[in-house]
Every structure is written in structure tokens, then in C-alpha cells.
Amino acid sequence: MKTSRLYLDHAASSPMQASVVEAMQSYLQSAGPGHPSSVHTEGRSQEATVSEARARVAGLLNAHPAEIILTGSGTEAANLAIKGAAWAARRAGRPARVVLSSVEHECVRESCASLSQHGFDVLTLPVSPHAGIDERMLEQALEQGTALVSIQLANHETGLVFPIQALARRARAAGALFHCDAAMGVGRVPVSVDTLGVDLLTISGHKFGGPPGAGALYLRKGTALEAQMHGGPQERRRRGGGLSVVNLVGLGVAATMLDPSPEAREAFSQRTERLWHRLRLEIPALERLGVPDAPDSRLPGLLCLAFSGVEGESLLMNLDLAGIAASSGAPCSSGSLTPSPVLLALGYEERVARSAVRFSFGPETTDAALERLGEVLPPLVARLQRLTKTARLHP
Amino acid sequence: MRVVVAMSGGVDSSVAALCMHEAGHEVIGISLRLWDYGSAGDVPAGSCCSPDDLYDARRVAERLGFPFYVINTESDFRRYVVDGFADSYLRGETPNPCVHCNDTVKFERLLLVADALGAEMLATGHYARKALLQDGRQVLRRAADAGKDQTYFLFRLDENRLRRILFPLGDLTKTEVRALAEAAGLPTASKHDSQELCFVPDNDYARFLEQQGAAAVPGDIVDHQGNTRGRHRGLFHYTIGQRRGLGIASPEPLYVLGLDLARNRLLVGPDDRLFRSGLIVRDVSWIAGEPEEETELQVRIRSRAREVPARIRRLDDGRTAVTFAEPQRAITPGQACVFYQGELVVGGGWIAGPLEATAHERPVPASSSATPVLPFQV
């Protein structure tokens, strides 16, 4: 009997919602040709489709459609936000300083790293799981003059949720722009740009049930941005080049499928905590990494767990062979794993970081599925822990 | 049964995987990422285990339909193989990192992975075989294809480890292996064999050492009669028996006879001076127990050398003296000396130096005869 696979790696890429797939299929079957910028009927029809997607994304974020720039991915949106805003600010005479947290997604981290190659002063704020961002350092940087602060809504490895509203307020009071990478937060916690009070916010379609190959940047009206992709007049000259309309269709539909109600979040949160507690009871020395106790600081649907005496890599392979998909660490280009820079930045020892595995799921993941994880994991961990005890030690 | 197959991305390991798969085993392909090749320009052409090679391994796994994972062993490789490689050169030796790698990184990690995955056996694409002794223990045996035999690099596989290893290619010739790969439509069927050290681009190990921070200190070249003949570029540029690159005009050909570390001199002389009656081996390991005193064996003193008859005897200091039936050429400290009994590999160790040091040669440095300096000793 072949059991179906259990996919618990939504944080890397989430399964597309059925209605998203349907909408995309329907578009592909019925849509004709046409460039959205063209004068003719076909073009206008495409433009209308894109416009509808844009409006849906705007609705999700509580923004105005004119403030939404559509992109080909979340990474592209983050690059545009950070480099676009930093360069525009610098040309307008703002200080060439960018501040980010030490646990950002690599698209934010690398965008900032590239800015530092061009004479920007890039400052990384330490983060601890319990105390959060080093706010004193943030204050210092703001006092010295900062063009842009970039802090994620929720951490993609551990699920740590940041107090964006308060951080953005501080930044903007000091004349700095605030960018929030909300890729992990969308669909799990409320993401309203006016509540958060940010200048820029980026999302990624395939993290919340949409297709890969679609992202968006919210740009508060009046914020200067230098284009990073130069070409046609699309997106009001802020992002040249056509986009895959079918992907945008999927992005738009996914944006409307989310349930932002507090009840939904609460239910999702409780299921996550129940899973955590069950595993903690059955697996000795199990540690949950990177989040404090306060429920508001924990993203629902994500558990970063450290299994004492076990190589995360071994656990992942065994889980895969047992039909369960999860992830850990930072994959390198050849596909092997290195300990997560985020976990190391949070202050965990390399030994602990190497024993960490991330399980992430969505509101639609069934209780039966989570049950199955609860059954498979403890004996597997026990076997690997026994092996470690008896293994010959490397000199 | 569940079998881990070590996949380097070459045709040999691809066919090893094919054999295991066709035999009906549950194959799990594992590649090791040993070294960070950085930008594509630094990848040695015709090397092993580069990102391109891992890509090829992945394609083979996909084609044959079994799971495939890449394990990162960069820090172990750096520590146990690369650092030791550099240290060895700086001690005046010519090291063989592939033996060390097999012993301390590849097989070590692969067997741990096999344990972790609940796999009974590990299969590799080495040209080697196993043999069963009368008492049921297993030893290593030369491959059927004598020209491709790789047992020289595997002599550190003790009986414990050997029991868990399979060598599906041992009875095949290279030609047969390629034919199997082609018949199965494997993407690696016509791939060239790796010829070089996997982490040294263009086999330019001197440049590699300099990049690792070794300083080349020029010094005198002195011949067997004590005459100064020229200047050398730094001792690690030379190996015993080397003739080219000495930069000396001479009526008769001159060869490197030895590296005098203490006085930073390169010792050269005519070919006949390279022949020695025996050598001393340190850190000897025996696959299935040490043979009797004064046993007659065959020894291979270089990977490309043939086995030659010799007798061995244990010395008081724990090292082993090897006396050849016929004098052998270019005894090179740092190379492996592997002991055979007919087709069976019985053990081996590292060459410390020639059996009797002559007057103009510096005796073998004390440091390499006592407690091992190299970090990868097990």
C-alpha cells in the first residue's frame, strides 16, 4: 500500500490552492494573445486581467492599487524595494546607511550586501529569540542618519514575529524609510500596510498558496524608488518588462483566499502549539528554537525544532524516505546543507543549529497529517539518537 | 536490501548504482560535497566531485529512479585531507591525499550515512574486490582490470568496514563498465575519467600550496658529490625521482634524490642513485591481522607501480622495514606502501624513507617516526 506524501515544507514553497490552479487553467485556456500595454482590444483585455490581480493584492494589504508594483518573484520585489529605495534616498541627499536585522531572508541580506559593495554603510542588528531586535543599536543608527530600515514581519526559519508597527514608527520618526519583508507573514498574521505603518512591503506568491513566479511590492505613495529592471513603461516605469499574466492571475486569486480573521489565526495557532506540545512530550531533549513564549511572537504553522544528538540532515533524509518533506539549514548550490546562518545569528551553537529541522504547514493541513508526523518522528529520532551514542567518534 | 551508493558523478559510480538497482536493491544515492569550488573558473577540468559532477550524479539518480542526497563534508575534508596535504609537503614528503580522503572522509562519512539511513551496505564504483579468508573474515582483493585496480587507495579499509562495503565493478573491465552505462542510457556513459586531485586545479599543487600560505624558500641544489649545482625554487616544488624543472645544465641526467629540510637543500644525482634496497613504513595497518615475521609479500610503492616481491619485518620502534627482492627506484616519503599477497591486499602504511640512509642524506625526521603529526591518523 503506497501512502501519499506528507508535505511539511510550506515555508519553502506552499502548495497552490485548488481555486488558484483552476483560475490559472481557465485563463490559459481562454485568454488570447496581447501585451497589456498595447492599444488594441487584445492588449486591453490583458491589461484588465493584470489590473484585477493588482487590485486583489492591494485588497489583501489594505493598500491602493496604484501603490502595488507587481514583480516576477518575492526576491525580485525585495531587491527592488531595498536597492530602489536606498539609491533614490541617497540621490536625494539622504545618508547612505541601510539597517537590517541579522535574521533576514537571503534576498534581503544579499541585496544589502550588494549595496555595501557600492559604498553604503550596512548595519546588521543582532536579534535574540527572547529580547528581539537590538533596539539600542537601531536607535543609534537612526540618530546617525539612516536611509532605510529593513525588518521582516516573521522569520522564515523560526517563525519569530517582529513588532513591525513600533519599529516602523521609530524609523519614520527619524526620517528613515521602513521596508518590511512580509513573505512569511502573509496568510498567517494580519498584513495591513496602514496598521503596520511601513513605507515598503514585499510579498511572494508561492508562500501563501499562489504560484511561484509572482511577487509584489507595496510602495507608499510619494516614496521615491529607482527602477532596477530597465525597459518598458510597465508598472509606471518602476519595473520594466512583461510579467507572466497567468502567474499574476494566480497571485491575485491566492490573495483573496486568505482568512485574516482573528478566529482563524487563533485556531491555526492552537493547532501549531498542540503539535509542539505532543512532540515535546514524546521526544527527549527536544528544543524549539528562535521564538519566545508570547503567542503573538510566534508565527502559526511553523516549528523549528532541535533534536539533541541527531544530525538534522540525517533526520531530513530519513523523513523523506518515510514520505515526509521538511527542511533545515541553508541549501548551497550543489544541494547540500550547511548550518542555518539565521540560527547561528540568533546565538545558537553550531551543534544545535546542525540538529535543527523546520516543519511548516498551512491552515488547510489536516489534523490527520499532523498526527502522522507525531507517529513517525519519535521512533525515528530515538533510532538516530541511539546511533549517535554508539557511533565511533571521529578523532 | 537498502544500499547506499556513493556517487561521484563519474561513469564508474553511475554503473555501480545501476548494478545495485538492477539487482533489486533499494538504492539511495549519496554524493559528498568535499570542497567549495567557488566560481566556475576554479574547477579543475577532469576532476571529481565538482558541482558539475554532482549535477551529473543527480541526473543518473533521476534516470534510474532512486532518491539522491548531497552531504556536505567540506570542513572534514579541509581538516583531514587538505591541511594534512599541505603539512606533508612542508615536511619534505610527497603526500597521497586520496588515500587519506578515502580513509578519513569518504568511507567514514558514507558509512555513518548508511547507518543513519538504516542501509546494510555501502557500494562504491571502485575497481576492487573482496575475498573471503578461511576463517570467514573479509579482505581486499585486486580488481579484475589490473590497469584500473584501485586497491592501492583502499588499503586502510579494515575488516570491520570492508564487511559493509560492496564493489560491484570489481570483476568488470573499464570497457565493460562503459558499455553497461551506454546500454542503460546513463548521461555519464561517455564522461572522461577524473585524472587529477579534486581540489588542486591543473594539478598545480605548488601554486595551491602557495595559495594556502606556504612560502617557497629558494636554496641550493647539491649533487651526490657535494657540489653545488644551482638554486631550487623551494623544496615543495620537487619530488624524489624528478628530472624536469631542475634548471641545471649537466652532461648526464640528474634526478632529485632527496629533500634536505634542515639545510633547505635539494639533493640530486644520477639515476642509479635512486635505486634502494628497501624502505621503512610507518603507521602500518593490517586488514586481517599482521602476518608472520619475515613474510614474503609483494609491495606497491606508488599508485602506478606494479607490485614487486619483498620481505617485511617489524622494527623495535613499531615501524616496518621492507626489503625488496630487487632494488626499487625513487623511494618517496609520504606515498603509500601497500602490501599484497598475490591478489589479496593485506595492509599498508606510509613510506617514511629508504631503508638505509646514505651519507649525504638526512636521516628520516624524528617527527614522522614517533607520534603522528598528521591530523588524520586513525
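Letters A, B, ... are given to chains in the order of the sequence lines, protein chains preceding strands, and every chain is numbered from 1.
Enclosure of atom CZ in B:Arg63 is not indicated, since only 12 or fewer non-hydrogen atoms of other residues, nucleotides or ligands lie within 6.0 angstrom. When the shell of 6.0 Å around OH of B:Tyr55 is examined, it contains 12 or fewer heavy atoms from other residues, nucleotides or ligands.
Interface remark: B:Leu111 contributes no atoms to any contact with chain A (heavy atom separation under 4.5 Å). At a 4.5 Å heavy-atom cutoff, the contact between A:Leu384 and chain B is made by side-chain atoms alone.
Residues A:Arg383 and B:Asp115 approach most closely at NH1-O, 3.3 Å, considering heavy atoms. Listed here is the closest heavy atom pair of A:Leu321 and B:Pro67: CD2-CG, 3.6 Å. Listed here is the closest heavy atom pair of A:Met317 and B:Leu117: CB-CD2, 3.6 Å.
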### Task
Could you check A:Asp320 against B:Tyr69 for side chain to side chain contact (heavy atoms under 4.5 Å, CB included), going step by step and ending with a plain yes or no?
CA-CA 10 Å; A:Asp320 183 43; B:Tyr69 307 103; 2.5 Å; yes
